[in-house]
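Here the structure is laid out as structure tokens; the discussion comes afterwards.
A quick note: this is a predicted structure, and the numbers were derived from the prediction, not measured.
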Amino acid sequence: MARIKDIISPFTAWKNVVKEPVTIKEPLKREAAPRYRGFHKNDVDTCIGCGTCESICQNAAIDMVPVEGIETKNGDSGLRPRIDYGRCCWCALCVDVCTTGSLSMSNHFKWVDSDPDVFRFIPGVDKKEWDDEPNGYKKPGPNYELYSKERVHMPELKPEERDKSFIEIVRGYSREQAIKEADRCVECGICVATCPAHMGIPEYIKAIRNDDLNEGLRILYDTNPLPEICGRICTHKCETVCSVGHQGDPLSIRWLKRYIADQQPAENYKQILETENISKNGKRVAIIGAGPAGLSAAHYLALMGYECTIFEKLPLPGGMMRYGIPEYRLPYDALDKDIDYIKSLGVEIRCNTTVGKDITLEELHNQYDAVFTGTGLHLGRSTRIPGTDHPHVYQAVDLLRDVTMGKEIPAAQSIVVIGGGNVAMDITRTLARIQNQRYGKVNIITTSLESENEMPADREEVVEAREEGATIIPGWGPVKIEIENNKIKGLHVVKCVSVFDENRRFNPKFDETQTDFFAGEMVVESIGQGMDLSYLPESIKDNLKLDSRGRIVVNDYFQSSVEWLFVGGDIIQGPDVIHGIANGHKAAIGIDRFLGGKK
């Protein structure tokens, strides 16, 4: 029912009829309020060209354009926003959504010019008189965001719940947690360029938001056939450049990928991915090594109709993913889920088969139309300091492999590990668990040349290792292993003051006046891995083009100078799983082109 006030209110406007009109005689001299939303400003050094401003603009007034002198690099598209004031409505949503806070608005609103083109310019690049004026509109703070700055916490086992076992630490997101985390994505896509596989990250996160996990799985498999694996142990370079991370926590992209794969039963994959009926093309490809590169190549070749056979020297497929990464990070059932799906496409995996011993590379060449090899880095490297020839000095990769194979590995009551990468953390945490199981306490020191901030291991690995009782002491260089009565007593070290020279080349420098001694009855080296290419016969090696460092030269499709031989994975690029996956995918495309597929 209408109230009397509603009926009378419109007539109150008549009171203005008797008021004296106000005329601004010189409008161009009128000062704007301090927070008036005038023409834009942009700090181009802070801007990363994520394009979020362009995406949110409802009037299509913003275009991202290249700018001379600003290079494209990881985390920076090299583009900068150009504003068209013929379309801009000064709503300031572009400022509010800016992920780095670089974009703001001056309170300058007066600008008279007969050339309409000048009203379309690149703030911060095309210099304007208001660039240095302090007044105007900027994103209010704090706690004024169109998205949450804090990532959704990932449930994990507490240190006391995990430090004696190899059960998986990370529990995974629930549906509600995943959707909430996905809501933080601004869909800028700055992560895509950084991902070696160029996964459709904004698209699969959007699928989570829409609760359409079938679509999410399809997007994952476009570029990555190992989502369960990658959702757990990917080096997640995408998160290091996430635009949301500039003013908050970066998005948990890796965990969101895992969420999609975890929710889908393996038996549904073929129907969702429409791979139930693949037409064969009658051609055969041999693949050496069932690691990420080999599995990825086999997956995409199988989809193209090729008959693929993988030759794997170890008892089970997975390469370093199975034989180098502890099960508390990557459980075998998750690994097998991805691999079993690839096998369901018709890919044969012949384990316990060593190329060069059980079958030669020449035989593979004769029996198959093309060969891809991705044999990984399975050999440990030694510091070669005095004492490394002692039988109680071990290589991390050997011990990790033995753990997977169910062998009982040596674990003294006090251990020193040399190395600062993820493999060093893997062996540290593995041995710490075994010490805890055998002796009820942890006594392990891990030392590296790199300082705390330079250690190549993922930060979370270092933190969790310490939580589990390991002592991490970075910034020291190994000098010699002290041995007394044929027993190891510990490691002598000297302070490392820098690891790289001015050109970022490995060239460590030491302060000889600072020394220390880390006591331990056993030493484990984890300073990198090497490749074993002994399966390549001399007749093929002679025709392989190598670079100045002895590495095999390949083209953009990972084809070597021996045209039927494609090479990828850690022995070419990486080392990490996602590079191997990307290599395998690209090599599959190259093999298809080589065998007369797509030209």
**Request:** Kindly indicate, with the supporting measurements, whether the criterion ring-ring contact (aromatic ring centres under 6.0 Å, His included) is fulfilled by Tyr137 and Tyr36.
**Result:** CA-CA 6 Å; Tyr137 179 80; Tyr36 189 83; over 10 Å; no
**Criterion salt bridge (charged side-chain N to carboxylate O under 4.0 Å, His left out) on Glu156 and Arg171, from CA distance to verdict** = CA-CA 6 Å; Glu156 296 182 358; Arg171 313 312 291 171; over 6 Å; no
**Message:** Please evaluate residues His40 and Phe121 with respect to the criterion ring-ring contact (aromatic ring centres under 6.0 Å, His included), reporting the C-alpha separation (whole Å), side-chain torsions for both, the decisive distance (0.1 Å), and the verdict.
**Reply:** CA-CA 10 Å; His40 289 76; Phe121 69 93; 8.1 Å; no
**Request:** Mind running side chain to side chain contact (heavy atoms under 4.5 Å, CB included) on Met320 and Leu377 for me, showing each step along the way?
**Result:** CA-CA 8 Å; Met320 290 299 284; Leu377 305 174; over 6 Å; no
**Message:** Apply side chain to side chain contact (heavy atoms under 4.5 Å, CB included) to residues Phe372 and Leu565 and explain how you reach the verdict.
**Reply:** CA-CA 6 Å; Phe372 173 80; Leu565 182 63; over 6 Å; no
**Request:** Could you walk me through whether His299 and Tyr221 pass side chain to side chain donor-acceptor pair (under 3.5 Å), step by step?
**Result:** CA-CA 10 Å; His299 171 265; Tyr221 267 88; over 6 Å; no
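Atom SG of Cys47 sits about 7.0 Å away from atom CG of Asp76, to the nearest 0.5 Å. Rounded to the nearest 0.5 Å, atoms SG (Cys57) and CG (Leu93) are 8.5 Å apart. With rounding to the nearest 0.5 Å, the separation of CD1 in Ile571 from CG in Leu533 is 5.5 Å. The CD atom of Glu454 sits 3.5 Å away from atom OG of Ser451, with the distance rounded to the nearest 0.5 Å. Distance check: Asn135 CG to Asn107 CG gives 5.0 Å after rounding to the nearest 0.5 Å. Considering NZ of Lys257 and NE2 of His236, their distance stands at 9.5 Å, rounded to 0.5 Å.
Sorted by first and then second residue, the pairs that involve residues 552-562 and meet side-chain hydrogen bond (donor to acceptor under 3.5 Å, both in side chains), not counting sequence neighbours, are Asn555-Gln559. The side-chain hydrogen bond (donor to acceptor under 3.5 Å, both in side chains) contacts involving residues 41-62 comprise Asn42-Ser102, Asp43-Thr46, where partners must be two or more places apart or lie in separate chains. Sorted by first and then second residue, the salt bridge (charged side-chain N to carboxylate O under 4.0 Å, His left out) pairs involving residues 198-222 (not counting sequence neighbours) are Arg175-Asp211, Glu187-Arg209, Glu215-Arg218. The salt bridge (charged side-chain N to carboxylate O under 4.0 Å, His left out) contacts involving residues 114-139 comprise Lys139-Glu145, where partners must be two or more places apart or lie in separate chains.
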Distance-only criterion, 3.5 Å: show the donor-acceptor pairs between side-chain atoms of residues 225-235 and protein atoms not counting sequence neighbours.
{"from": "Glu228", "atom 1": "OE1", "to": "Arg232", "atom 2": "NH1", "distance (Å)": "2.6"}
{"from": "Glu228", "atom 1": "OE2", "to": "Lys337", "atom 2": "NZ", "distance (Å)": "2.8"}
{"from": "Arg232", "atom 1": "NE", "to": "Glu168", "atom 2": "OE2", "distance (Å)": "2.7"}
{"from": "Arg232", "atom 1": "NH1", "to": "Glu228", "atom 2": "O", "distance (Å)": "3.1"}
{"from": "Arg232", "atom 1": "NH1", "to": "Asp262", "atom 2": "OD1", "distance (Å)": "3.4"}
{"from": "Arg232", "atom 1": "NH2", "to": "Asp262", "atom 2": "OD1", "distance (Å)": "3.2"}
{"from": "Thr235", "atom 1": "OG1", "to": "Asp576", "atom 2": "OD2", "distance (Å)": "3.2"}

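With 3.5 Å as the limit, one finds a donor-acceptor pair spanning the side chains of Thr275 and Tyr341. At a cut-off of 3.5 Å, with distance as the only test, no side-chain donor of Asn422 or Glu461 sits close to an acceptor on the other residue. Checked by atom type, the side-chain pair Gln264/Asn214 shows a donor-acceptor distance below 3.5 Å.
Residues Glu239 and Arg254 meet the side-chain proximity criterion, which asks for heavy atoms closer than 4.5 Å.
The two residues Cys98 and Gln247 come nearest to each other via the heavy atoms O-OE1, 4.3 Å. The two residues Leu217 and Ile260 have their closest heavy-atom pair at N-CG2, 3.6 Å. Taking all atoms of both residues into account, the shortest heavy-atom contact from Leu251 to Glu181 is CD1-O, 3.4 Å. Of all heavy-atom pairs between Cys91 and Arg37, the closest is O-NH1, 2.9 Å.
By the 30° and 60° cut-offs, the orientation of the rings of Phe39 relative to Trp90 is perpendicular.
No side-chain donor-acceptor contact under 3.5 Å links Asn583 to the backbone of Ala293. Of the possible donor and acceptor atoms, none in the side chain of Thr194 sits under 3.5 Å from a partner among the backbone N and O of Cys238. In terms of modelled atom types and a separation under 3.5 Å, the side chain of Arg381 and the main chain of Gly528 share no donor-acceptor contact.
Taking Tyr300 as the reference, His585 meet the ring pair (Phe, Tyr, Trp, His ring centres under 6.0 Å) condition, with sequence neighbours excluded.
Within a 6.0 Å sphere centred on CD of Glu176, heavy atoms belonging to other residues, nucleotides or ligands number more than 12.
Between Arg329 and Glu464 no salt bridge is recorded (no basic side-chain N to carboxylate O distance below 4.0 Å).
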